[in-house]
Trainee: 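Can you read through this structure? Questions will come right after.
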Amino acid sequence: MSSFTEVPVLDYSLSLDEATKSTFLDELRHVLLEVGFCYIKNTGIDEALQTEVVRQANAFFDLPESEKLRIEMKNSPHFLGYNRLGSEITAHHTDHREQLDLATELTAPSPKEPRYRNLRGPNQWPDEALIPGFRETYNAYITAMTALSTDFLSLVAQAIGLPKETFEKYFEGVGESESGTKRQDKIKIVKYPDLTELGTEGGQGVGPHKDSMLSSYLLQATDHLGLQAQNSKGEWVDCPQIPGTFAMGQGLEAMTDGVCIATTHRVLSPTAGSGPRLSIPFFQGVSYDATFESMEVPEEVKALKKSLVSREEVEMTFKKEKFERLGEATLMNRIQSHPDVGAKYYPDLLALQRVQAAAINEAAAVKRAETLLVVPGPANTLSDDTADPPKMRRRAPTIIVEKVSTDTAYGEDPGPDGSIERKEAWKMRQADAVPDVVRVIDSEEGEKVEVGLGLKGKVGGLAP
């Protein structure tokens with residue numbers, strides 16, 4: 001991955017002409033292997049439609065608060081709907097943005113289907129009488145972006161030496177479903193208040209993250225700075241609005257055995273007095289039944305990949321060792337980002353996620369403490385030629401946590417001032433390393449759930 005200082009701009013129209021297609025694919029290969037982020041121009045998306053999308057977005061945020069809250073996301077098990085300011089979490093911190101999540105219109109799955117299919121379902125739409133044409137406009141825009149992203153993904157495959165239809169299997173479902181088995185693309189309409197409105201000196205519009213979908217296309221509707229991509233040196237590079245382009249990111253790292261870079265990016269809150277920033281990202285969806293099978297990328301393409309500079313990386317949504325299907329990983333990611341939806345519709349998964357996160361955090365703290373531990377010799381001194389001090393004994397017993405209520409919300413690391421059951425767990429974790437098993441005992445239901453190295457089987461099973 002190169003230490004890029006500006007984001008490349010690709011001319012999509014070059015891919016439509018056989019005389020210039022190879023040049024485009026060479027440029028795209030550089031983006032995929034070394035940058036993971038780009039702008040694309042001349043996409044063919046109707047400019048009048050884009051203008052109407054932006055106009056309707058502004059009209060939505062001008063709606064009465066009561067109307068926006070009527071379609072709040074916490075009323076949808078499909079994670080679709082309105083999010084008020086500060087209701088989403090990224091990288092363990094609150095995002096300062098107001099947004100509406102929409103998707104390809106689908107019916108809900110049946111109760112007998114795997115739980116992760118609940119990610120698919122119908123939208124919550126604002127009242128047509130209050131905002132005429134809104135539903136028609138956004139359905140048309142989603143349809144147009146679905147076509148663009150499908151074609152662009154075939155170009156991605158060709159750029160890394162694969163058949164153009166390689167990624168199509170990620171759109172294929174398994175068996176029958178009330179909501180169908182095709183993919184569901186998503187879109188967000190996002191408003192970032194400036195620091196004057198927020199009343200703070202600094203703010204996270206959205207924290208550092210990697211996209212979990214195959215690709216994303218961002219329509220930056222205002223000329224604010226704020227979107228930033230991270231290069232191999234860990235430096236943040238501004239991605240300013242370029243009229244007539246989409247800022248584009250990839251989430252293909254897990255599927256291509258690390259060949260395609262999924263670039264970490266973030267959004268800073270607009271500067272004081274600059275007014276709100278408006279953006280409309282489109283996320284190319286996949287079938288949630290798809291597995292984590294990696295592509296067989298040609299060796300010559302792997303050889304072209306630059307060595308990555310070691311630095312702390314943002315966690316990927318897709319982790320093969322934890323999940324079997326993309327839907328399982330995505331559901332847990334949504335629950336982490338939207339704990340209010342998780343508490344209402346998936347309280348058991350939210351509880352498991354919090355217990356596992358707490359255990360991982362404590363294990364990391366113990367590991368850091370071990371690196372600082374020095375046990376003095378008989379003279380209470382250590383000379384340069386003294387042998388390495390003995391290391392602290394590590395244990396990894398089972399931790400027993402009695403979960404009294406699935407509705408209780410705890411912080412990321414509540415410490416000894418939390419509830420009684422968390423106090424006991426906290427005390428034990430101070431002397432423990434990584435637990436081999438975490439056993440959650442629900443005193444209300446009498447159900448025991450074991451969490452080992454991952455969450456396989458807890459997310460993808462049939463709904464209770």
Side-chain angles (χ1 to χ4, degrees), residues 1-54 140-168 185 187 211 213-231 237-253 256 259-263 265 279-284 297 301 304-306:
M1 182 177 182
S2 64
S3 55
F4 61 93
T5 56
E6 61 182 15
V7 177
V9 180
L10 300 185
D11 187 343
Y12 176 76
S13 65
L14 296 180
S15 70
L16 306 178
D17 187 338
E18 288 301 321
T20 55
K21 184 176 180 178
S22 61
T23 298
F24 177 86
L25 292 178
D26 288 342
E27 294 175 352
L28 178 57
R29 185 182 301 112
H30 164 71
V31 167
L32 295 170
L33 273 59
E34 301 186 50
V35 183
F37 220 80
C38 68
Y39 294 96
I40 55 173
K41 64 180 182 179
N42 297 325
T43 60
I45 300 296
D46 184 63
E47 292 185 6
L49 176 59
Q50 294 183 55
T51 299
E52 184 63 10
V53 162
V54 174
Y141 185 68
I142 290 172
T143 298
M145 295 302 296
T146 295
L148 171 64
S149 64
T150 301
D151 184 69
F152 199 91
L153 196 62
S154 72
L155 296 171
V156 169
Q158 294 171 71
I160 58 174
L162 298 172
K164 64 180 181 179
E165 67 276 3
T166 295
F167 292 102
E168 290 180 4
D185 297 320
I187 192 171
D211 289 334
M213 297 296 203
L214 294 180
S215 59
S216 57
Y217 300 75
L218 174 63
L219 174 59
Q220 300 195 74
T222 55
D223 61 0
H224 293 79
L225 289 176
L227 176 63
Q228 296 181 324
Q230 192 176 46
N231 65 20
V237 178
D238 285 326
C239 305
Q241 180 203 44
I242 301 178
T245 70
F246 293 96
M248 181 182 170
Q250 293 283 355
L252 294 167
E253 195 166 81
T256 59
V259 168
C260 293
I261 297 296
T263 303
H265 51 285
S279 68
I280 306 167
F282 169 90
F283 302 96
Q284 183 179 34
V297 180
V301 176
L304 291 174
K305 182 178 173 61
K306 303 290 185 179

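Atoms considered below: every heavy atom in the structure, side chains included; atoms not considered: hydrogens, waters and symmetry mates.
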Trainee: Going by distance alone, is a donor N or O of one side chain under 3.5 Å from an acceptor N or O of the other, for D238 and Q228?
Mentor: yes

Trainee: Give the ring-plane orientation class for F152 versus Y217, where under 30° counts as parallel, over 60° as perpendicular and anything between as tilted.
Mentor: perpendicular

Trainee: Provide the closest heavy-atom pair for L162 versus T166 in the form atom of the first, atom of the second, distance.
Mentor: CB-OG1, 3.4 Å

Trainee: Restricting to non-hydrogen atoms, name the atom on T20 and the atom on L14 that form the minimum distance, rounded to 0.1 Å.
Mentor: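 In terms of heavy atoms, the two residues are closest at OG1-O, 2.7 Å.
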
Trainee: Measure across I45 and Q50 and return the closest heavy-atom pair with its distance rounded to 0.1 Å.
Mentor: O-NE2, 3.1 Å

Trainee: Sort and list the pairs that fulfil salt bridge (Lys or Arg N to Asp or Glu O under 4.0 Å) and have at least one residue in residues 15-26, not counting sequence neighbours.
Mentor: D26-R29

Trainee: Checking side-chain polar atoms at under 3.5 Å, does T222 have a donor or acceptor matched by the opposite partner on H224?
Mentor: yes

Trainee: Just wondering, are more than 12 heavy atoms of other shown residues or ligands nearer than 6.0 Å to CD in E47?
Mentor: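 For E47, atom CD is not crowded (no more than 12 foreign heavy atoms under 6.0 Å).
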
Trainee: Please enumerate all residues that pass side-chain contact (heavy atoms from CB on, under 4.5 Å) together with L10, with sequence neighbours excluded.
Mentor: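 side-chain contact (heavy atoms from CB on, under 4.5 Å) list for L10, sorted by chain: F24, E27, L28, V31, C38, I40.
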
Trainee: Specify the closest pair of heavy atoms between E34 and F4, including all atoms of both residues, with the distance to one decimal.
Mentor: O-CD2, 4.4 Å

Trainee: At their closest point, which heavy atom of L155 faces which heavy atom of L25, and how far apart are they?
Mentor: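 Minimum heavy-atom separation between L155 and L25: O-CD2, 3.6 Å.
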
Trainee: Kindly give the heavy-atom pair with the smallest separation between C239 and Y39, and that separation in Å.
Mentor: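 That would be C-OH, 2.9 Å.
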
Trainee: Evaluate side chain to side chain contact (heavy atoms under 4.5 Å, CB included) for M145 paired with I187, printing each intermediate quantity in order.
Mentor: CA-CA 10 Å; M145 295 302 296; I187 192 171; over 6 Å; no

Trainee: List for me each residue that meets side-chain contact (heavy atoms from CB on, under 4.5 Å) alongside S154, sequence neighbours excluded, and say none if there are none.
Mentor: D151, Q158, K164

